[in-house]
Q: 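The structure under discussion is supplied below as structure tokens; questions concerning it will follow.
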Protein chains: 2
Amino acid sequence: MKSEDIARLAGVSRSTVSRVINNYPNVPEETRAKVLKIIEEYNYEPNTSARILAGKSNNTIGLFVISISENDGPSKIYQSAYYSTFINTVVDAANTVGYYVLVHTIYSGKDYAKISQSFMQKRISGGILVGNEKDSDAIKKIAKLGYPIGIVDYDVREIEKNKLNNSGVIVVNSADFEGTVEALNHLIKLGHRDIGIITGRMGTYSGKERYRAYEYVLKENGIEVKPEFILKGEFLKKNAYDEVKKLIHSKKLPTALFACNDDMAIAAMEVFMDEGIRVPEDISIIGFDNIPMASHVKPALSTVKVPVYDMVTRATEALINNIEHGTKTFSNFTYPVEFINRDTCAPRRTDK
Amino acid sequence: MKSEDIARLAGVSRSTVSRVINNYPNVPEETRAKVLKIIEEYNYEPNTSARILAGKSNNTIGLFVISISENDGPSKIYQSAYYSTFINTVVDAANTVGYYVLVHTIYSGKDYAKISQSFMQKRISGGILVGNEKDSDAIKKIAKLGYPIGIVDYDVREIEKNKLNNSGVIVVNSADFEGTVEALNHLIKLGHRDIGIITGRMGTYSGKERYRAYEYVLKENGIEVKPEFILKGEFLKKNAYDEVKKLIHSKKLPTALFACNDDMAIAAMEVFMDEGIRVPEDISIIGFDNIPMASHVKPALSTVKVPVYDMVTRATEALINNIEHGTKTFSNFTYPVEFINRDTCAPRRTDK
DNA sequence: CTGAAAGCGCTTACAG
DNA sequence: CTGAAAGCGCTTACAG
């Protein structure tokens, strides 16, 4: 069944069928009804490729989930509680306004080619990029291509530096610095001065910002940054396990620990509790993200809530807006975060 | 940049360019190299719509995540720990063999139209369906269309009943009945006879099977099925909360509770512990799925492990295989499950 | 081995 | 208001 068949059946030309499908105003109601009836009757749907080739928009965006240097094997990205909501949110936001979403995972440097390819093959009209890139050059290169893209968690200064101001790039971030400051100030107020950190991936903006805030707060309070209290977590549970174990067997423990995400905070809690170190009595812990599990662990994890749903929805909507309006100016959204005080923080013990 | 430009630049015809791109054997190495060089140099990528329209496969499958009667609002499907791994698994399995994945969410009955539309518009060559449908008629109708589809969690008997044996439908299930029997037998062995169940959604195959196994095991052991011990959970945490609270305030508690998924089991644990009822000392609990959180809650949840990754990978691979071979026969895979005994089961107390 | 040509199924100026 | 025709960018028999 093609438009020609519909035309014949309805006693009109292909042009008219096309006009009806595309809601042209200059079709009399009677003709329109006649054509529509045949379309309904035969359940006709126009061929997408033909429409696109003839000039219609493809109404499709790509979602590229970048996950380089994650663990291999069947688990891959699925472990991360953070990314799992991502895809659904993009799909919903896009579907709502009639867009389709092509999802890709990027596990290696050469997979990056998939992004520009998808654009050049005209599969997609825009792209959302999310994830931890080792080599941010790849993203830079893609942005320079000039296609509409939205990047979540990216350093805005890269835009200026690379003269991407007229690129139509959208950057959406959370207030990582401020959130970390708030969390750490809470620990300071409880009397803690030996505060450790489990860092995220330093190649990411959020990872860098959270660490920068850590140094900032400590300095503001006249506290020395001790290398032995800096655990390299890379946002990964496994690393947090290993690092915390090492910490426990070293000579001195901090009285509080800030983890750059909840996954690592929860891993730390488990190690401590297995080793008979009580949370929060012996050590206070704060995470970041507020993943669903955060409120379910015992004790419930104090953390910084990131509005992932809002951020991703905004990125998607702004992207589609840019596509439809051909916008070529950079835009940037930063979402506030919120410290949620649950049960993993206690005043510093004065008896030790 | 189009194939004509490449042809001109390379000093050949569009036909030859096309032959090079499509790896036709009858192109001399020298010509091929010449054309390839220009393609590289100009970063040319053929227009996908044009290729498809000219007869190439679209190499795209659709993933339809059906989530009817779930909660509304921003949370929607994201809550379910079960579906989050689903999408990534399909995308990976498809990407690995050069396929693209178009993801859709289906929240209402009329969204079902998206599935057949995607096929008829030639956007996709196959589809994976997963989720809880209220009205299985929709799936039946789609299967009848004859397009290659893979359904996860579906009653195989529906295939025969609807004469879908020559439809190329793929059904992938887990051994829900057997897994439930194994879990319940464990409770029986521990001496329990007052065993409750928090049911799943009865419109799903897995929900039905797990309940059927419950009735089966009880009858096998001469235990009466008591309506007051059947909690309607619908696979939803929220329902489990409410139902368990109601149960606690009724006159008699079971000594063991089987939940049709981990989400509900964990919700039940929380309610019990909040009310001072100890798990497993006062009540034993078993879940289903083995979501990541199952091993993290305290006490660690005993559950039945479902090989979601394997199931979904298989469904995707089998689907693509059917697409490429034009297979028109029904196929069916059932994956074994495994009871994992953690810390939420204890012998029935004899002192009460 | 290779080019000219038809065709894929649409959309949209163009002319009437 | 409407049809005939060109064109979108490819692929692939066809003929040589």
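Convention: sequence-line order gives letters A, B, ...; per-chain numbering from 1. Remember, predicted model here, so these are calculated numbers, not experimental data.
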Q: Is there a donor-acceptor contact under 3.5 Å from the side chain of B/K328 to the main chain of B/G146?
A: yes
Q: Measure from the side chain of B/N22, starting at C-beta and using heavy atoms only, and say which of C/dC10, D/dG3, D/dT11 lies closest.
A: D/dT11
Q: What contact category does A/N26 fall into here, base, sugar-phosphate, or nothing, at under 4.0 angstrom with non-hydrogen atoms?
A: base
Q: With respect to the side chain of B/K56, which nucleotide from D/dT12, D/dT2, D/dC10 is positioned closest?
A: D/dT12
Q: Can you tell me how far CG of A/N166 sits from OG1 of A/T329, rounded to the nearest 0.5 angstrom?
A: 7.5 Å
Q: Taking the minimum atom-to-atom distance to the side chain of A/A54, which one of C/dT2, C/dC10, D/dT11 wins?
A: C/dC10
Q: Which nucleotide wins on minimum distance to the side chain of B/R51, given the candidates C/dC10, D/dG9, D/dC10?
A: D/dC10
Q: Would one find a side-chain N or O of B/S49 under 4.0 angstrom from OP1 or OP2 of D/dC8?
A: no
Q: What is the nucleic acid contact for A/T48, judged by heavy atoms within less than 4.0 Å: base, sugar-phosphate only, or nothing?
A: nothing
Q: Roughly how many Å is it from CD in B/E4 to P in C/dG3, rounded to a whole number?
A: 13 Å
Q: Is B/T16 reaching over with its side chain to a backbone N or O of B/V12, donor-acceptor style, under 3.5 angstrom?
A: no
Q: Where the side chain of B/T16 is defined as all heavy atoms beyond and including C-beta, which of C/dT2, D/dC10, C/dC10 is the nearest nucleotide?
A: C/dT2
Q: To the nearest 0.5 Å, how far apart are CZ in A/F119 and CD in B/E45?
A: 13.0 Å
Q: If you measure from CZ on B/R14 to CZ on B/R8, what distance do you get to the nearest 0.5 Å?
A: 12.0 Å
Q: Nearest-Å distance, CD1 (B/I21) to P (D/dC10)?
A: 7 Å
Q: Please enumerate all protein N or O atoms sitting under 3.5 Å from an N or O of nucleotides 13-16 of chain D, with distances to 0.1 Å.
A:
from, atom 1, to, atom 2, distance (Å)
D/dA13, N6, B/R19, NH2, 3.3

Q: Kindly confirm or rule out a cation-pi arrangement of A/R123 over B/Y100, judged by NZ or CZ under 6.0 Å from the six-membered ring centre and within 45° of its axis?
A: yes
Q: Return one dot-bracket line describing DNA chain D 5' to 3' (Watson-Crick or G-U wobble pairs, both distances under 3.5 Å; ( ) same strand, [ ] crossing, | another strand, . none).
A: |||.||||||||.|||
Q: Considering only D/dT2, C/dG9, C/dT11, which nucleotide approaches the side chain of A/S18 most closely?
A: C/dT11
Q: Sub-3.5 Å donor-acceptor pair from the side chain of A/N58 to the main-chain atoms of A/T60, do we have one?
A: yes
Q: Give a yes or no answer on whether the side chain of B/N173 reaches the backbone of B/Y154 with a donor-acceptor pair at less than 3.5 Å.
A: yes
Q: Measuring from atom CG of B/L145 to atom OG of B/S167, what distance do you get when rounded to the nearest 0.5 angstrom?
A: 11.0 Å
